[in-house]
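Structure record follows, encoded as structure tokens.
We count ligands from 1, going down the list as the structure has it; atoms in each ligand are counted the same way. A quick note: this is a predicted structure, and the numbers were derived from the prediction, not measured.
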Amino acid sequence: MALSPRCGAIRACRRVLERAFSLRKVHSIKDMENTLQLVRNIIPPLSSTKHKGQDGRIGVVGGCQEYTGAPYFAAISALKVGADLSHVFCASAAAPVIKAYSPELIVHPVLDSPSAVDEVEKWLPRLHALVVGPGLGRDDVLLRNVQGILEASKARDIPVVIDADGLWLVAQQPALIQGYQKAVLTPNHMEFSRLYDAVLRGPVDSDDRHGSVLRLSQALGNVTVVQKGERDILSNGQQVLVCSQEGSSRRCGGQGDLLSGSLGVLVHWALLAGPEKTNGSSPLLVAAFGACSLTRQCNHQAFQKHGRSTTTSDMIAEVGAAFRKLFET
Ligand SMILES: NC(=O)C1=CN([C@@H]2O[C@H](COP(=O)(O)OP(=O)(O)OC[C@H]3O[C@@H](n4cnc5c(N)ncnc54)[C@H](O)[C@@H]3O)[C@@H](O)[C@H]2O)[C@@H](O)CC1
Ligand SMILES: Nc1ncnc2c1ncn2[C@@H]1O[C@H](COP(=O)(O)OP(=O)(O)OP(=O)(O)O)[C@@H](O)[C@H]1O
Ligand SMILES: [Mg+2]
């Protein structure tokens with residue numbers, strides 16, 4: 001349908017206003033430092049009176065025949081950031097491989113079983129957060145099971161970070177997370193375009209990344225969205241944050257898995273701390289800002305040592321030092 005000139009002008013005017021609105025929210029270095037302080041506020045103190053599990057029991061749902069690295073990266077990152085226990089719920093073919101990478105992960109070969117939803121549901125009361133999607137693949141049986149796991153998690157009010165092929169599922173069925181206030185989506189460039197197109201029925205305006213993230217979050221009922229990229233743009237439909245922590249130009253696969261695994265723990269910590277500790281800001285946005293900053297700092301530090309040969313394993317080896325530098329200053 002052709003637009004009347006008046007309608008076109010109104011639309012252009014709206015664009016300018018929206019852009020100005022989102023640009024106002026661009027984070028200055030001072031804002032970045034203030035937000036990092038909020039992340040510091042949500043980190044639970046280490047204490048000799050705590051028992052195993054109190055600082056986080058995280059579940060990663062993903063891992064199939066093709067992809068075993070992604071769920072490993074996410075689950076080990078959760079542990080390295082400070083969770084006490086990290087579970088992986090994966091397809092049976094992936095389980096021995098993931099177990100062999102690390103004795104520190106608890107690996108459940110259940111995702112392709114006919115009773116997958118029940119098997120995972122048994123563990124849900126013991127989990128603080130789920131990270132859904134790293135290395136999940138797009139097999140229909142697995143996706144159907146993950147749909148059931150997401151529904152069961154929502155029914156129990158468990159926070160969920162949705163990444164990678166979990167976002168593929170959400171793009172097919174946005175209703176799955178519509179309005180769920182404890183969901184955080186972490187799309188890369190492609191995943192964001194797919195989601196945006198599915199939910200808003202049109203292409204992303206590449207000149208207006210802030211507005212696009214804001215609109216997607218709003219259209220999903222204020223679900224928190226983290227668009228990863230040269231700068232990470234984060235929104236809960238009300239506020240837009242930008243994370244431009246220095247990283248590097250090295251773009252090896254698996255960095256997003258480090259981010260989603262870290263975020264699983266930080267989401268749990270942020271919700272436990274509550275808005276008093278985040279100065280009224282959304283705890284989930286603060287957690288997401290923390291995970292983005294940490295991932296980029298790991299990338300920066302690993303690149304200093306390894307240059308072009310940097311891999312995600314090198315970044316994971318930097319989690320402890322990067323965490324101290326950003327959050328324990
Ligand atoms: N070692 C592993 O097991 C890994 C497995 N992975 C898994 O691989 C599966 C597919 O993930 P993909 O991320 O490939 O998802 P997609 O299949 O949606 O592909 C994303 C595509 O977007 C492209 N892209 C990324 N950023 C871009 C940008 N800024 N501009 C233009 N193009 C851009 C990438 O080159 C890639 O081809 C997921 O299950 C994921 O978890 C990845 O996490 C990487 C590591
Ligand atoms: N151009 C860039 N410059 C600097 N950092 C970037 C750039 N693109 C992505 N990143 C950072 O890399 C991390 C992972 O983002 P990326 O877009 O690679 O995710 P992904 O494609 O999901 O990764 P994965 O390979 O794990 O699936 C994020 O912390 C993001 O901030
Ligand atoms: Mg990814």
Side-chain angles (χ1 to χ4, degrees), residues 27 32 60-77 81 88 90-91 93-95 97-98 101-102 111 131-139 142-143 146 161-172 184-198 203-204 206 209 212-213 225-234 241-264 266 287-303 310-316 318-319 322 326:
H27 255 189
M32 290 253 304
V60 174
V61 178
C64 61
Q65 179 134 20
E66 293 87 355
Y67 305 125
T68 54
Y72 163 77
F73 290 143
I76 202 77
S77 298
V81 165
V88 178
C90 59
V97 183
I98 299 171
Y101 293 151
S102 168
L111 221 47
V131 180
V132 177
L136 175 62
R138 293 171 193 172
D139 176 84
L142 295 191
L143 292 179
V146 171
V161 174
I162 306 187
D163 188 31
D165 301 311
L167 295 169
W168 173 266
L169 177 63
V170 169
Q172 316 298 310
V184 185
L185 312 186
T186 55
N188 64 19
H189 179 85
M190 273 301 253
E191 291 156 349
F192 185 84
S193 305
R194 238 183 336 248
L195 263 179
Y196 191 96
D197 191 41
V204 177
S206 53
R209 280 186 69 204
S212 301
V213 178
V225 178
V226 176
Q227 190 198 24
K228 299 172 290 190
E230 189 175 351
R231 301 186 314 154
D232 298 326
I233 315 284
L234 297 63
L241 302 183
V242 179
C243 179
S244 52
Q245 184 73 35
E246 188 179 3
S248 82
S249 301
R250 177 70 173 124
R251 301 267 66 79
C252 55
Q255 302 184 32
D257 308 317
L258 194 167
L259 193 157
S260 60
S262 314
L263 183 52
L266 287 164
F289 189 86
C292 292
S293 311
L294 182 69
T295 307
R296 297 170 72 103
Q297 179 66 24
C298 288
N299 181 259
H300 181 69
Q301 291 180 194
F303 189 76
T310 299
T311 61
T312 297
S313 297
D314 300 320
M315 288 171 56
I316 287 168
E318 297 297 328
V319 167
L326 291 175

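- The protein heavy atom nearest to atom 7 (C) of ligand 2 is Gly229 O, 3.2 Å.
- In this structure, atom 18 (O) of ligand 2 is not in close contact with the protein, since no protein heavy atom lies within 4.0 Å of it.
- Among protein heavy atoms, the minimum distance from atom 28 (C) of ligand 2 is reached at Leu259 CD1, 3.8 Å.
- Listed by number with element, the atoms of ligand 1 under 4.0 angstrom from any heavy atom of Pro134 are 41 (O).
- The nearest heavy-atom contact from the protein to atom 23 (O) of ligand 2 is Gly256 N, 3.2 Å.
- Considering both main-chain and side-chain atoms, Glu191 never comes within under 3.5 Å of ligand 2 through any nitrogen or oxygen pair.
- Residue-to-ligand polar distances keep His189 apart from ligand 2: every N/O pair is separated by 3.5 Å or more.
- Of all heavy-atom pairs between Cys243 and Met32, the closest is CA-SD, 4.0 Å.
- In terms of N/O distances under 3.5 Å, ligand 2 is approached by Asp232.
- In terms of protein heavy atoms, atom 26 (N) of ligand 1 is closest to His189 CB, 3.7 Å.
- Considering Thr312, Leu294, Asp257 only, the shortest heavy-atom separation from atom 27 (O) of ligand 2 involves Asp257.
- When only interatomic distances are considered, the shortest N/O to N/O separation between Gly253 and ligand 2 does not fall below 3.5 Å.
- In summary, Arg250 and Asp314 do not engage in a salt bridge, as defined by a charged side-chain N under 4.0 Å from a carboxylate O.
- For ligand 1, the atoms sitting less than 4.0 Å from at least one non-hydrogen atom of Gly135 are 39 (O), 40 (C), 41 (O), numbered in the order shown with element in parentheses.
- Between atom OG1 of residue Thr312 and atom CD1 of residue Ile76 there is a gap of 13.5 Å, rounded to the nearest 0.5 Å.
- Close N/O approach between Cys292 and ligand 2 is not found [any backbone or side-chain N/O within under 3.5 Å].
- Atoms CD and CD1, from Gln255 and Ile316 in turn, are 10.5 Å apart once rounded to the nearest 0.5 Å.
- Atom 4 (C) of ligand 2 has as its closest protein heavy atom Arg251 NH1, 3.4 Å.
- When each of Arg296, His300, Gln297 is paired with Gln245, the side chain to side chain donor-acceptor pair (under 3.5 Å) condition holds for Gln297 and for no other.
- In terms of protein heavy atoms, atom 24 (P) of ligand 2 is closest to Gly254 N, 3.5 Å.
- Considering each of Asn188, Asp165, Leu167, Asp257, the one bringing a non-hydrogen atom nearest atom 43 (O) of ligand 1 is Asp257.
- Closest to atom 18 (O) of ligand 1 among all protein heavy atoms lies Arg194 NH2, 2.7 Å.
- From the protein, the heavy atom lying nearest to atom 23 (C) of ligand 1 is Met190 CG, 3.8 Å.
- Scanning the protein heavy atoms around atom 22 (O) of ligand 2, the nearest turns out to be Lys228 NZ, 2.6 Å.
- Polar contact check, Ser248 against ligand 2: no nitrogen or oxygen pair lies under 3.5 Å apart.
- Geometrically, ligand 2 and Asp163 share no nitrogen or oxygen pair separated by less than 3.5 Å.
- With a 4.0 Å cut-off on non-hydrogen atoms, Thr312 does not touch ligand 1 at all.
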